[in-house]
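Written out below as structure tokens is the structure these notes cover.
Here is the naming used below: chain letters follow the sequence lines, and residue numbers restart at 1 for every chain.
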There are 2 protein chains.
Amino acid sequence: MPRAPSNAAQDKPPLRQTRIQKAKREAILDAALDVFSQHGFRGATLDMIATRAGLSKPNVLYYFAGKEAIYTQVLSQILETWLDPLISMDAEGDPMQELRAYVGRKLEMAREFPRESRLFATEILQGAPEIEGLLSGDLRRLVDEKAKVIAGWSAAGKIAPVHPKHLIFSIWATTQHYADFRTQIDMVLGTGEDPFPDAAQFLDHMFARLLAPAPEGASGPASGPS
Amino acid sequence: MPRAPSNAAQDKPPLRQTRIQKAKREAILDAALDVFSQHGFRGATLDMIATRAGLSKPNVLYYFAGKEAIYTQVLSQILETWLDPLISMDAEGDPMQELRAYVGRKLEMAREFPRESRLFATEILQGAPEIEGLLSGDLRRLVDEKAKVIAGWSAAGKIAPVHPKHLIFSIWATTQHYADFRTQIDMVLGTGEDPFPDAAQFLDHMFARLLAPAPEGASGPASGPS
DNA sequence: GTCTATATTCCGATAGAC
DNA sequence: GTCTATCGGAATATAGAC
């Protein structure tokens, strides 16, 4: 037969696959995102993933080489989209608008993709063994580049002087908190109200206040852009 | 013998124990904090804990009823001290000083007790199965109480009007980020510089700016405290 | 391609000597 | 109290029928 060889024992998708194969692979990956984000890598079992995907355990292993291959695939798919909001922060746009829009997009991602956020958080909490290269490579370069953009905005007086990288950290921390610590937030706030409207207002206000250029040369950490 | 019955199969410390027993229990708990905070409950093994504590696996199980008993004990010991900074925020003190001091103490805890922070984060990320009661009980009451204090400060014009609970969330998020996501921070910042001095300055500045009472009734989210 | 049955490894916990 | 040896369950992965 002119067909491609068996998919078994492959962790990457074969060059050609039917729509059905693709759909099953995606069903497995989606189920895996559910299970891994809730239980971590070690806490997850192939049985959970298979059941949630509506397949048998050996059938899952027909499409992926093993548990770790599934995990790696899920993680790398997340990373593709995770950095998008930061990438699309435009050096040519209005500084305040760009930064506030970045905060807004990050918070929206926490709302729309909490599983992805939690999986990412778990991975980093445990020392990021699977994505070390990406963090110290692509992510580092991206943050360096955007930090220079922010520093330029500060120097030009478009925004208040701030430490650019710690500003980025604070944006990551505050927005992802609403996905990663949602359990705690719900228990503190009480019933199942949606915390995101208030969070959006609060964070927009907080970063707007932080970044508003000082009206006078009075109370900045540095007296003015040098 | 008039001695107390065997410690085996007990998860709570017996009424009387020698200094040696106490020291071994503490060695186990410290090793367990190491291992649980790095690998999570499921990822941790008794072998890791025993090795790090310098004991054999059965010997560990002589002092604790099982893996879960160790985990529960570690968690409950953390919780005793974890809420301390928030508790000691004084309604009678100067509002700006109290809040900035709270931020500073929380950041110091992230620096001094990163293992505790990470273990707590992992537990909440996975739905807080062990501490659900504490979160919806003690923590919720504490936050309610302190949120009222903060709201009072806002209403009195001592600090700018802010959503009190989301202010608390943002303090938790930004400070714990430096413990929980330390791997990412190190990779983004590059070499092993200590990020905490810059973080302390940045966060103090950010919250000071957020909370500074507006000089005029111009640019708050609400025009005035109602 | 998908299943049942099973091989195999790992880990929590116990038995029993000392 | 502490150890070696081991049980028993769980989970990854494979074999092989269909």
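- Here the nucleotide nearest the side chain of Leu46(B), chosen from dA5(D), dT2(C), dG12(C), is dG12(C).
- When the P atom of dT12(D) is taken as reference, atom NZ of Lys67(A) falls 5 Å away, rounded to whole Å.
- A straight line from CZ of Phe41(B) to C1' of dA10(D) spans 14 Å, rounded to a whole angstrom.
- Using a 30° and 60° split on the angle between ring planes, Phe196(B) and Tyr178(B) fall in the tilted class, from 30° to 60°.
- Of the candidate nucleotides dA5(D), dA11(D), dA5(C), dA5(D) has the atom nearest to the side chain of Pro58(B).
- What separates CD of Glu68(B) from C1' of dG9(D) is a distance of 16 Å, to the nearest Å.
- Atom CG in Asp47(B) sits about 12 Å away from atom P in dA13(C), given to the nearest Å.
- Residue Ala44(B) is classed as a sugar-phosphate contact, given heavy-atom separations below 4.0 Å to backbone atoms only.
- Ion pairing between a basic and an acidic side chain is recognised when a charged N comes within 4.0 Å of a carboxylate O; Arg182(B) and Asp186(B) show such pairing.
- The cationic group of Arg100(A) does not satisfy the cation-pi geometry with Phe207(A), failing either the under 6.0 Å distance to the six-membered ring centre or the 45° limit from the ring axis.
- Note on Tyr63(B): a side-chain N or O is less than 4.0 Å away from OP1 or OP2 of dT2(D).
- We find that CZ of Phe36(A) is positioned 14 Å from P of dA11(D), with the value rounded to whole Å.
- Nearest to the side chain of Ser56(A), among dC3(D), dC3(C), dA11(D), sits dC3(C).
- Rounded to whole Å, atom C1' of dT2(D) lies 8 Å from atom NZ of Lys24(B).
- dA13(C) atom C1' lies 16 Å from atom CG of Leu55(B), rounded to whole Å.
- Counting only distance, with no hydrogens or angles, the side chain of Glu98(B) and the backbone of Asp90(B) share a donor-acceptor pair below 3.5 Å.
- For Phe169(A) and His163(A), the ring centers sit 6.0 Å or farther from each other.
- Taking atom CE on Met48(B) and atom P on dC11(C), their separation rounds to 7 Å, with Å as the unit.
- Each of dT2(D), dT14(D), dC3(C) was ranked by its minimum atom distance to the side chain of Leu61(A); first place goes to dT14(D).
- Nearest-nucleotide positions on DNA chain C place Lys57(A) closer to the 5' end than the other of Arg42(A) and Lys57(A).
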